[in-house]
Amino acid sequence: MITISNVNKIYDNKFQALKEVNFEIQKGEIFALLGPNGAGKTTLIKLICGLTNATSGAVTVDGLDIVKNFRQTRKLIGLVPQELTTSPFETVWNTVSFSRGLFGKAPNPGYIEKILKQLSLWDKKDNKLMTLSGGMKRRVMIAKALSHEPRVLFLDEPTAGVDVELRKDMWQQVRELKETGVTIILTTHYIEEAEEMADRVGVISSGKIILIEEKNKLMKKMSKKEIKLVLGKPLSAIPSSLSNYDLKLTDNSLIYSYGDANNTHGVSDFFEQLKKENIEYTDIKTHESSLEEIFVELVNK
Amino acid sequence: MNFRGIQAIFKFEMARMWRTLGQSIASPVLSTSLYFIVFGSAIGSRMKEVDGIEYGSFIVPGLIMLSVLTQSLSNAAFGIYFPKFSGTIYEVLSAPLSYIEVVIGYVGAAATKAMILGTLIFITAHFFVDVEVQHPFWMIAFLALTSITFSLFGFLIGIWANSFEQLQLVPLLIVTPLTFLGGSFYSISMLPPLWQKISMLNPVVYLISGFRWSFYGKSDVSLGVSLLIIGIILVVSMAAVHWVFKTGYKIKS
Ligand SMILES: Nc1ncnc2c1ncn2[C@@H]1O[C@H](COP(=O)(O)OP(=O)(O)OP(=O)(O)O)[C@@H](O)[C@H]1O
Ligand SMILES: [Mg+2]
């Protein structure tokens, strides 16, 4: 759906925010773009949406160049920017209708009613934007982005400042949008959000894409599983019969790390071996790394 | 062309006028009425005719121009400055609109407002003095050209300005003096020769002169020269707007 080829972005102050970015976003997927503050996520989104120009490289949306065919490509795209920017004196209804008009669509009050209801904004439709709370404004911006029925939706930290319950609602809505075939690109600092929603994950750091991977594969590939045994009696050293296992010995516990899921066989062998060695343990804890840990590890590399 | 997009911007900007009716309509109409009372009736009754025209009537075209000019400028400047300042411009930039369409929306609305205002002042003038229009076509043409040209100019100021002060700076420091010295209240021929020459460097003189000609058939400079000057300002403003959007100056980082 979106192809990004050799994109570089150097701002006027000579700061290079994007470095040779190359990747594709597939039709109908939810793509999560992760990265620390200042990594270039917003810059990349702005560039695709036409808010800033690439210094070099090209982007196509649905096979069309975003500069040459901006009319077609922009019609396909809806954007919820990171910052809350609203015209304070406008009403919710007017501002959403305005957005639809800007994108060249004929008025469709029924459709706008539907999205306002979905976003729990219907009872606020005649309120001026300055009278809304931050989370409501965020939802108004989502309504604006959806007003022209886009095929691709960019959500730049859509759930920042939205309470937990509404966040869950929003995730649900995003999934429903995906059901209707909309391609969704989101950035977030809540890793659980990416874990929950994304089909694929991209990690960007200092303007470079350092990884693009299907979320499930990534979790499998990168995740570490550990079994921590709290020992009944302290061990002075790891017995030589256990030297094949990845073990760490601390004061009162033994930690066994085993990488991927295929290795389940090793787990039962390991416990047999323990029995043979007469190692007693009083408790077992298991730990599996989350996307967050994977992410931190990647970025710190 | 994305007509619906242009219409959306236009409507949004016009709605701003209704919201700020006092500021955008009532206050200029009131202040011009004061001019008529002070200059037209109080002082005007003791003044000789200018170019064979009653003084009160003589100042009507100049006063209309004064308001139309300042309102086009400040309205267009504010219209684009505010979204730039608040960040809401992101939406216009991400919409399938060419820059020409964006300009038509914003500048068109500011020019329309200025023309509505000019018409209101024209009507108001009738309550105070006798007004005659010899060349209605040219009157409307001048009004429209001036509104469009100065709305474009104001649009540029709005893009250039980084603060509310800067937004006021050009209208206050340059345009208002030029307008007052542009022959709204007097005929250039009443000045000493040196000042007559200096006045000829003031573009506003040509606007007011041409506009006054459309009313009373009398002018300081010929119609052709007036049209030429206004045309030049228009073309320069258009070129500047083109450059701004081509380079993304102050709107696309
Ligand atoms: N207009 C600009 N001019 C100069 N530098 C900029 C500009 N906008 C952003 N930058 C710089 O580009 C880098 C990337 O910024 P960007 O906003 O894309 O980060 P981000 O990944 O979205 O971060 P965050 O998670 O904080 O939103 C930052 O170092 C930022 O300072
Ligand atoms: Mg960002």
Side-chain angles (χ1 to χ4, degrees), chain A residues 9-13 15 17 42-43 45-54 64 66 69-91 94-107 128-130 140-141 144-145 147-148 150 154 156, chain B residues 1-24 78-106 108-109 158-159 162 164 243-253:
Chain A
K9 171 68 191 178
I10 302 172
Y11 279 112
D12 290 342
N13 61 6
F15 182 82
T42 300
T43 302
I45 290 178
K46 280 187 175 170
L47 196 141
I48 300 172
C49 296
L51 303 186
T52 185
N53 299 326
L64 298 164
I66 57 162
N69 304 298
F70 74 94
R71 278 186 206 274
Q72 289 100 311
T73 61
R74 290 190 193 171
K75 270 195 179 165
L76 297 171
I77 296 177
L79 165 66
V80 181
Q82 184 172 3
E83 282 121 52
L84 282 174
T85 52
T86 47
S87 329
F89 307 109
E90 283 285 290
T91 64
N94 285 349
T95 200
V96 177
S97 307
F98 168 76
S99 303
R100 189 177 168 88
L102 266 190
F103 281 77
K105 286 264 182 174
K128 290 200 169 136
L129 293 173
M130 59 184 176
V140 171
M141 306 208 43
K144 282 163 81 70
S147 67
H148 63 279
F154 284 92
D156 199 352
Chain B
M1 283 286 258
N2 179 354
F3 287 107
R4 291 203 188 94
I6 298 174
Q7 195 194 354
I9 295 177
F10 188 86
K11 251 177 72 181
F12 180 91
E13 284 297 298
M14 293 309 280
R16 205 159 56 78
M17 176 171 86
W18 301 124
R19 225 169 24 227
T20 55
L21 210 61
Q23 191 197 52
S24 50
F78 191 80
I80 189 72
Y81 176 77
F82 195 71
K84 197 187 75 169
F85 168 78
S86 70
T88 51
I89 194 161
Y90 85 86
E91 208 178 10
V92 174
L93 294 177
S94 69
L97 284 161
S98 69
Y99 87 84
I100 294 178
E101 291 159 345
V102 174
V103 172
I104 293 175
Y106 281 105
I159 285 178
N162 289 325
F164 279 96
W243 175 82
V244 159
F245 277 90
K246 227 182 128 194
T247 59
Y249 174 75
K250 288 204 177 172
I251 38 177
K252 283 192 186 187
S253 47

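Below, chain A is the first sequence line, B the second, and so on; all start at residue 1.
- In this structure, chain A has no heavy atom under 4.5 Å from any part of B/Q7.
- The neighbour count for A/F89 CZ, taken as heavy atoms of other residues, nucleotides or ligands under 6.0 Å away, does not exceed 12.
- In B/K84, the NZ atom is crowded: over 12 heavy atoms of neighbouring residues, nucleotides or ligands sit closer than 6.0 Å.
- Across B/A8 and A/G101, no two heavy atoms sit closer than the pair CB-C, 3.9 Å.
- Once rounded to the nearest 0.5 Å, the distance linking OG of B/S94 with CZ of A/F70 reads 12.0 Å.
- Contacts between B/R19 and chain A at a heavy-atom distance below 4.5 Å involve the side chain alone, from C-beta outward.
- Distance alone, capped at 3.5 Å, places no donor-acceptor pair between the A/K46 side chain and the B/Y90 backbone.
- Not a single donor-acceptor pair under 3.5 Å links the side chain of B/R4 to the backbone N or O of A/R100.
- Residue A/K9 touches chain B through its side chain alone, counting heavy-atom pairs closer than 4.5 Å.
- Put simply, the side chain of A/S87 reaches to within 4.5 Å of the side chain of B/T88, judged on heavy atoms.
- For B/N2 (side chain) and A/L102 (main-chain N/O), a donor-acceptor pair under 3.5 Å exists by modelled atom type.
- For the atom pair B/T247 OG1 and A/D12 CG, the distance stands at 9.5 Å (nearest 0.5 Å).
- With a 4.5 angstrom heavy-atom cutoff, A/A106 touches chain B via backbone and side-chain atoms both.
- A/R71 is listed as a side-chain neighbour of B/S98, based on a closest heavy-atom distance under 4.5 Å.
- Interface residue A/F103: backbone and side-chain heavy atoms are both found under 4.5 Å from chain B.
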query = Does the side-chain contact (heavy atoms from CB on, under 4.5 Å) test come out yes or no for B/K252 and A/N53, once each step is laid out?
reply = CA-CA 7 Å; B/K252 283 192 186 187; A/N53 299 326; 3.5 Å; yes
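- Here the straight-line distance linking atom CD1 of B/I9 with atom CZ of A/F98 works out to 6.0 Å at 0.5 Å rounding.
- Contact of B/F82 with chain A is made through the side chain alone, with heavy-atom distances under 4.5 Å.
- Taking both residues in full, the closest heavy atoms of A/K75 and B/P96 are given as CG-CG, 3.7 Å, listed atom of the first, atom of the second, then distance.
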